[in-house]
Amino acid sequence: MTPFSPDLLPKVLDQVLDTVFLVDLQGRIVYVSAACERMFGYTQEEMMGRHLLDFLAPEDRERTLAEAGKVISGEPRIGFENRYVRKDGSYIPLMWSARLDPVEQLRVGVARDVSERKRLEARQAATYAISEAVHDVVSLRSLFKEVHRIMAGLVSMAGFAVLIRQLKDAELAVGYRSERWSEHDVASTPSDAYLRRLGVAAMRQTVGMPGAAPAMVPEPEADAEREIPPDWLAVPLLTAQETIGALVLKNRPGKVYDAGDRELVHYVSTQVATAIRRKQLAAELERSARYDELTGLPNRRAFQERVRSVMARCRRRERQLALLFLDIDDFKQINDRYGHVSGDHLLQSVARRLEQCLREDDAVFRLGGDEFVVLLEEVKSPDDVRSVEGKIDAVIREPMWVDGLTLQCRVSVGRAMFPTHGDTLEALLRHADRAMYAHKRPGAATG
C-alpha cells in the first residue's frame with residue numbers, strides 16, 4: 001500500500017466541488033478549499049484570515065450564530081441553510097454539514113451551493129401561488145397586488161410595477177405600481193413614463209421570439225433602446241400567443257440583479273402573463289354577460305340582479321325606490337330614414353345623456369332596442385322622481401349631432417314606485433310599461 005502523504009490532503013480537498021472550511025472558535029477562517037472562488041467569487045487568499053461572518057447575509061446572522069453555538073458545544077449538524085454574499089454583491093444559498101474537531105479546536109464545515117434547488121422550489125411555489133391567486137382574487141388590481149407579494153418573496157426588490165398593453169392602440173399603461181420605491185430617497189420614485197420606457201425595451205426583446213407579435217409591440221419612446229440599468233429588471237409578459245405587457249422591478253440600494261434572478265423572474269413572468277390573460281378573459285366574459293355591447297350600459301340581466309338587491313335593502317330599511325321605464329319616440333322612423341348605423345349612434349348618445357342625469361347611487365340600463373330603464377334608489381317622495389324625469393326630458397330634447405346630422409328626439413317615460421305600485425320586479429315593470437304607453441306622444445322625432 002502506497003503511504004499517504006500529508007501534502008496530498010489540500011490537493012484532494014481542492015478537487016471537491018463543495019467548499020471545505022476550517023474555522024477557529026473565534027470564527028476566523030483558518031483554511032478554505034479552492035471551490036470557494038467558484039462559489040463565493042473570492043480566492044482562498046482573500047478569505048483566509050477573515051471572519052466567516054464577514055461574508056454572511058446580514059439577515060441570517062442571528063440564527064447562524066445560534067447554529068454555530070451548537071457546533072462549538074460538540075453537536076454535529078447537517079442540513080442547516082443560510083445565505084452568503086458573493087463578491088459581486090449577489091446572494092448564494094448554502095447548505096452546511098459541520099462538526100467540531102475537539103483536538104484542534106476547529107469547526108470543520110462543508111458548504112454546498114443549493115441555488116439550483118432553491119430556484120426549482122421557488123418556481124414551483126410561485127407557479128402554485130399564482131394559480132391560487134387567479135382563483136381567489138376578484139379583480140385584475142387584486143391579482144397585480146398578489147403577484148407583487150409573490151415576486152417580493154422570490155427576489156430582492158424595492159419597487160415593482162405591472163405594465164399592460166392596451167388592445168386598442170398597443171400602448172403600454174401602468175396597471176399597477178408599488179407605492180414606495182425607496183425608504184430613504186423620495187426623488188428615486190420613477191415616473192410612469194420611465195416605467196413605460198423600460199417596459200417597451202423589455203417587450204421589444206421578444207421580437208422574433210416564438211409567440212411574439214412584433215406588429216403589436218409599441219414603438220420605442222425617446223431613449224427607449226438604452227441599456228436597462230443593472231439595479232432594474234424589466235421582463236416581457238409573454239403568453240403562447242402574444243406579448244401583453246411587462247414586469248418592472250427595482251432592486252434595493254446597492255444591489256444588482258444577477259443571471260439567476262433574471263432567469264427566475266423570466267420563468268415566473270410566463271406564469272403571470274397566463275394568469276393575467278385568464279383574468280382579463282374572465283372579466284371580459286363577465287362584462288359581456290352584464291353589459292350592453294352597443295352602449296356600454298348594464299343590460300337586462302344586470303338590471304334584474306341590481307333591482308332585486310335594492311328592493312331587499314329597501315324592505316329592510318322601509319324605503320322607496322323608483323323605476324323609470326322609457327323609450328325613444330318614433331325611433332323606427334329614425335332607423336328607416338337615416339339607417340341603422342345612425343340609429344345605433346343615436347342610442348349611444350341617448351345613453352350618455354341619461355347617465356348625466358343621475359345621482360351617484362342611481363343607474364341606467366338598456367333592456368334592448370330603444371328601451372331603457374332608470375333605477376332611482378331610496379327616493380324620499382314622488383317629487384324627487386318628477387325632478388329627475390324633468391331633467392331627462394330637457395337633456396334628451398337638446399339637439400344631437402349624429403353622423404353629420406342634427407337630430408332631435410323625445411322619450412316617453414313611465415314611472416313605478418316601490419312598494420306603492422308593486423312589491424315585485426315584474427309588478428313594477430308592468431306598471432311602468434303601462435304608464436309609459438299612456439303618455440306616449442306621436443311625431444316626436446325630427447331630423
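Hydrogens, waters and symmetry mates play no part in the numbers below; they use all other heavy atoms, side chains included. Here the structure is a predicted model, which is why all the values come from computation and not from measurement.
- At a threshold of 4.5 Å between non-hydrogen side-chain atoms, the residues Val388 and Leu376 count as touching.
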Does Phe325 form a ring-ring contact (aromatic ring centres under 6.0 Å, His included) with Phe372? I'd like the steps, not just the answer.
CA-CA 6 Å; Phe325 195 92; Phe372 298 84; 9.9 Å; no
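- Looking only at distances, a side-chain donor or acceptor of His51 sits under 3.5 Å from a matching main-chain atom of Gln26.
- Salt-bridge formation is detected for the pair Arg77/Glu67: a Lys NZ or Arg NE/NH1/NH2 atom is positioned less than 4.0 Å from an Asp or Glu carboxylate oxygen.
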Apply side chain to side chain contact (heavy atoms under 4.5 Å, CB included) to Asp403 and Val341, showing your working.
CA-CA 9 Å; Asp403 298 339; Val341 173; 4.2 Å; yes
Given the rule in the side chain to side chain contact (heavy atoms under 4.5 Å, CB included) test, do Leu106 and Leu100 qualify, once you have shown the distances and angles that lead to the verdict?
CA-CA 6 Å; Leu106 294 173; Leu100 179 71; 5.9 Å; no
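- Tyr84 and Trp96 have tilted rings, their planes meeting at an angle from 30° to 60° on a 0 to 90° scale.
- The two residues Leu294 and Gln348 have their closest heavy-atom pair at O-NE2, 3.1 Å.
- Without hydrogens or angle criteria, Thr243 side chain to Thr239 main chain gives no donor-acceptor distance under 3.5 Å.
- A pairwise comparison of heavy atoms in Leu172 and Arg196 identifies O-CD, 3.0 Å as the closest pair.
- Between Arg290 and Glu305 a salt bridge is recorded (basic side-chain N to carboxylate O distance below 4.0 Å).
- Separating the NZ atom in Lys118 from the CG atom in Leu94 is a distance of 10.5 Å, to the nearest 0.5 Å.
- Of the N and O atoms on the side chains of Asp384 and Ser387, not one donor lies less than 3.5 Å from an acceptor on the other residue.
- Using bins of under 30°, 30° to 60° and over 60° for the plane-to-plane angle, the ring pair Tyr176/Phe144 lands in the tilted bin.
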For a side chain to side chain contact (heavy atoms under 4.5 Å, CB included) check, start with the C-alpha distance between Met47 and Tyr31, then their side-chain angles and the critical distance, and finish with the verdict.
CA-CA 8 Å; Met47 296 193 77; Tyr31 170 82; over 6 Å; no
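- The shortest side-chain heavy-atom distance between Met400 and Arg353 falls under the 4.5 Å cut-off.
- The distance from atom CG of Asp18 to atom CG of Asp113, rounded to the nearest 0.5 Å, is 9.0 Å.
- What you find for Ala322 and Met417 is that their closest heavy atoms are CB-SD, 3.6 Å.
- The existence of a salt bridge linking Lys250 and Asp231 is confirmed by a sub-4.0 Å separation between a basic side-chain nitrogen and an acidic carboxylate oxygen.
- Within the model, atoms CD1 of Ile244 and CZ of Arg165 stand 8.0 Å from one another, a figure rounded to the nearest 0.5 Å.
- Salt-bridge annotation for Arg63 and Glu81: absent, with no side-chain N of the basic residue lying under 4.0 Å from a carboxylate O of the acidic one.
- No side-chain donor-acceptor contact under 3.5 Å links Arg277 to the backbone of Glu242.
- We find that Arg319 and Glu377 are not joined by a salt bridge, their nearest charged nitrogen and carboxylate oxygen being 4.0 Å or further apart.
- Looking only at side-chain heavy atoms (C-beta outward), Leu140 and Gln280 come within less than 4.5 Å of each other.
- The shortest distance between side-chain heavy atoms of Val162 and Ile276 falls below 4.5 Å.
- The closest side-chain heavy-atom distance from Met151 to Val268 is below 4.5 Å.
- The nearest pair of heavy atoms linking Met203 to Ala246 is CG-CB, 4.3 Å.
- Between Asp192 and Arg177, the closest side-chain pair of non-hydrogen atoms falls below 4.5 Å.
- When every heavy atom of Ala34 is checked against every heavy atom of Gln44, the shortest pair comes out as N-NE2, 3.4 Å.
- The shortest side-chain heavy-atom distance between Ile72 and Arg107 falls under the 4.5 Å cut-off.
- Here the closest heavy-atom approach between residue Leu233 and residue Asp261 is recorded as CD2-O, 4.3 Å.
- Here the straight-line distance linking atom CD of Glu45 with atom SG of Cys36 works out to 8.0 Å at 0.5 Å rounding.
- Judged by distance alone, the side chains of Gln271 and Tyr128 never bring a donor and an acceptor atom under 3.5 Å apart.
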Tell me, with the steps shown, if Asp327 and Val411 meet side chain to side chain contact (heavy atoms under 4.5 Å, CB included).
CA-CA 5 Å; Asp327 70 6; Val411 291; over 6 Å; no
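- For the pair Phe160 and Leu249, the minimum side-chain heavy-atom distance is below 4.5 Å.
- Remark: Glu426 engages Arg308 in a salt bridge, criterion side-chain N to carboxylate O under 4.0 Å.
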